[in-house]
Amino acid sequence: MMRPLHLLPFLPGLSYATTEVLLPLYLYPLPGAWSPIKSAVAAHPDLTFNIVINPNNGPTNAPDGNYDPETSALGAYPNVKLLGYVHTSTDSGATRCNIPFGDITHDIEVWYNWTVNYNIPISGIFVDEAPVNTANDCVNYMQNVTWHIKNTFGSGAKVVYNPGYTGGSTAIQTFYDLSPGPDLVAAAETCFVTSADAWGSLDECPTGGIYTTYDSAGVGSYIDTYVTSYVGSTRLPKTAVLVHGFHDDNGGTPNIVASSTTLSVLLEAVVNRSIGATFFNTAGYQAFHYTPVDIGTFANALDALV
Ligand SMILES: *[C@@H]1O[C@H](CO)[C@@H](O)[C@H](O)[C@H]1NC(C)=O
Ligand SMILES: *[C@@H]1O[C@H](CO)[C@@H](O)[C@H](O)[C@H]1NC(C)=O
Ligand SMILES: *[C@@H]1O[C@H](CO)[C@@H](O)[C@H](O)[C@H]1NC(C)=O
């Protein structure tokens with residue numbers, strides 16, 4: 001008798017989903033500045049690096065003399081997907097979906113022009129300040145934006161929404177489920193460090209601000225409490241988790257001290273939960289060389305788990 005497929009054993013620890021990297025690379029590419037990024041990409045050919053390019057809160061009409069060679073070089077790695085940055089808000093995210101539709105589609109077309117006019121391989125679009133609820137006709141807006149990306153770049157274009165949080169409601173699921181819809185939704189973007197030790201603009205964590213630090217109720221708790229309960233466990237493979245300000249400690253219970261060892265434990269919890277993409281960094285999105293978690297340390301730790 002043929003052995004039915006459903007009797008194949010489940011092997012604990014074997015991960016079926018792969019967690020990719022989602023790296024917002026908002027560092028200007030002076031010669032050499034992106035070398036540590038390229039080294040990490042080259043050292044980990046089995047990790048997919050989705051890298052967000054953002055020269056000017058969106059594209060410049062043409063890549064300048066630094067962006068042109070550096071984006072070409074980075075995009076030439078087979079494990080890199082370059083994503084062009086666009087955003088939906090005129091007031092830094094307070095109101096979502098209020099940039100005129102014609103302006104955001106213009107930016108999408110300018111990104112496409114980088115590929116046709118300058119031969120830079122842009123694989124898709126990262127939509128920042130994406131909505132978490134249906135206010136302001138956001139469902140139609142995001143559906144239109146996504147159609148426009150697919151019409152411009154082709155149906156295989158990668159689409160990432162970045163709401164940054166879930167909004168504390170299941171309304172965010174509407175955006176995950178659009179068709180065509182996003183490949184990834186960055187529904188958790190937060191700081192590890194306490195606001196007392198935050199670095200401000202360098203790690204993009206507000207000094208003295210009030211926020212919940214990452215995993216302050218234990219390893220895996222941030223995703224379990226603030227992500228899974230709203231997006232639903234079936235959407236975790238389409239979810240990205242971005243953690244910056246990974247230095248000092250998170251002041252939690254238990255208190256977690258930032259180190260390359262604790263990074264591996266926190267990342268294991270991310271990978272175990274089938275999260276689609278992640279990024280941890282000591283600083284923010286403009287410096288990738290600070291300890292304990294520079295870009296090389298992060299890539300080593302993630303690659304060891306996927
Ligand atoms: C894209 O490039 C073409 C050819 O250079 C140009 O005519 C067009 O205006 C550009 N589109 C945008 C949106 O900049
Ligand atoms: C979406 O696109 C349709 C068709 O072009 C247009 O009528 C509608 O106003 C757009 N809605 C939004 C919110 O952008
Ligand atoms: C991840 O899953 C493995 C296998 O089930 C388990 O041994 C490990 O403790 C888990 N790690 C975390 C941090 O959740």
Side-chain angles (χ1 to χ4, degrees), residues 17-27 29 33-55 58-59 63 67-87 104 107-128 130 145-163 176 178 180-187 189 236-242 270-271 274-281 285 288 295-296 298-299 302-303 305-306:
T18 299
T19 307
E20 301 183 344
V21 177
L22 177 60
L23 163 55
L25 180 54
Y26 302 163
L27 170 67
W34 287 3
S35 296
I37 313 292
K38 287 187 267 185
S39 300
V41 163
H44 301 285
D46 295 335
L47 269 188
T48 297
F49 288 75
N50 301 283
I51 300 182
V52 186
I53 305 299
N54 184 15
Y67 266 101
D68 189 349
E70 291 298 328
T71 47
S72 294
L74 195 54
Y77 287 96
N79 55 326
V80 166
K81 304 249 182 251
L82 297 181
L83 304 173
Y85 177 100
V86 302
H87 65 116
I104 200 165
D107 279 359
I108 291 164
E109 283 156 26
V110 172
W111 280 120
Y112 185 65
N113 268 1
W114 281 43
T115 76
V116 290
N117 296 344
Y118 302 93
N119 209 20
I120 293 163
I122 306 288
S123 297
I125 296 290
F126 177 86
V127 186
D128 200 14
V145 165
T146 307
W147 269 327
H148 197 79
I149 295 167
K150 301 285 188 182
N151 285 342
T152 306
F153 283 85
S155 59
K158 203 150 191 176
V159 178
V160 180
Y161 297 170
N162 182 32
Y176 277 84
L178 289 175
D183 297 283
L184 285 171
V185 178
E189 185 185 9
L236 294 179
K238 274 192 173 184
T239 299
V241 173
L242 308 179
V270 170
V271 172
S274 301
I275 292 293
T278 192
F279 183 58
F280 280 65
N281 192 33
Y285 303 140
F288 304 94
I295 180 69
F298 164 74
L302 183 60
D303 202 7
L305 293 165
V306 297

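In this chain, residues are counted from 1 in sequence order.
Not counting sequence neighbours, K238 has no partner by the salt bridge (Lys or Arg N to Asp or Glu O under 4.0 Å) test. Remark: F49 engages no residue in a ring pair (Phe, Tyr, Trp, His ring centres under 6.0 Å) (not counting sequence neighbours). Residues forming a side chain to side chain contact (heavy atoms under 4.5 Å, CB included) with P180 (at least two apart in sequence, or on another chain): Q143, T146, W147, K150. Legend: residues meeting ring pair (Phe, Tyr, Trp, His ring centres under 6.0 Å) with F288, ordered by chain and number and at least two apart, are absent.
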Kindly determine whether F126 and N162 satisfy side chain to side chain contact (heavy atoms under 4.5 Å, CB included), including the steps that lead there.
CA-CA 7 Å; F126 177 86; N162 182 32; 3.4 Å; yes
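Taking the side chain as every heavy atom from C-beta outward, L302 and F280 never approach each other to under 4.5 Å. T19 has its side chain out of reach of L305: every pair of non-hydrogen atoms, C-beta onward, lies at least 4.5 Å apart. With contacts defined as side-chain heavy-atom distances shorter than 4.5 Å, the pair Y67/I53 qualifies.
Nearest heavy-atom pair, A40 versus G296, reported as atom, atom and distance to 0.1 Å: CB-CA, 4.5 Å. Considering every non-hydrogen atom in both V80 and G75, the closest pair reads CG1-CA, 4.2 Å. For the residue pair A277 and L22, the shortest heavy atom distance occurs at CB-CB, 4.0 Å. For V52 against P24, the heavy-atom pair with the smallest separation is CB-CA, 3.9 Å. Shortest non-hydrogen contact noted between P36 and A33 is CD-O, 3.5 Å. Of all the heavy atoms in P163 and A187, the pair that sits closest is CG-CA, 4.3 Å.
Screening residues 72-85 for side-chain hydrogen bond (donor to acceptor under 3.5 Å, both in side chains), with sequence neighbours left out, gives Y85-D128.
Separation of atoms OG1 (T152) and CD1 (I125) is listed at 8.0 Å; rounding is to 0.5 Å. For the atom pair CZ of F279 and CD of E20, the computed distance is 15.0 Å after rounding to the nearest 0.5 Å. Note that the NZ atom of K158 and the CG atom of L184 stand 6.0 Å from one another [nearest 0.5 Å].
When atom types are taken as modelled, the side chain of W111 and the backbone of L83 share no donor-acceptor pair closer than 3.5 angstrom.
A side-chain contact (heavy atoms from CB on, under 4.5 Å) with W34 is found for exactly one of L74, I51, I295, V41, namely L74.
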Cut-off 3.5 Å, no hydrogens considered: what does the side-chain donor-acceptor table look like for residues 113-124, sequence neighbours left out?
{"from": "W114", "atom 1": "NE1", "to": "T60", "atom 2": "O", "distance (Å)": "3.0"}
{"from": "T115", "atom 1": "OG1", "to": "Y112", "atom 2": "O", "distance (Å)": "2.7"}

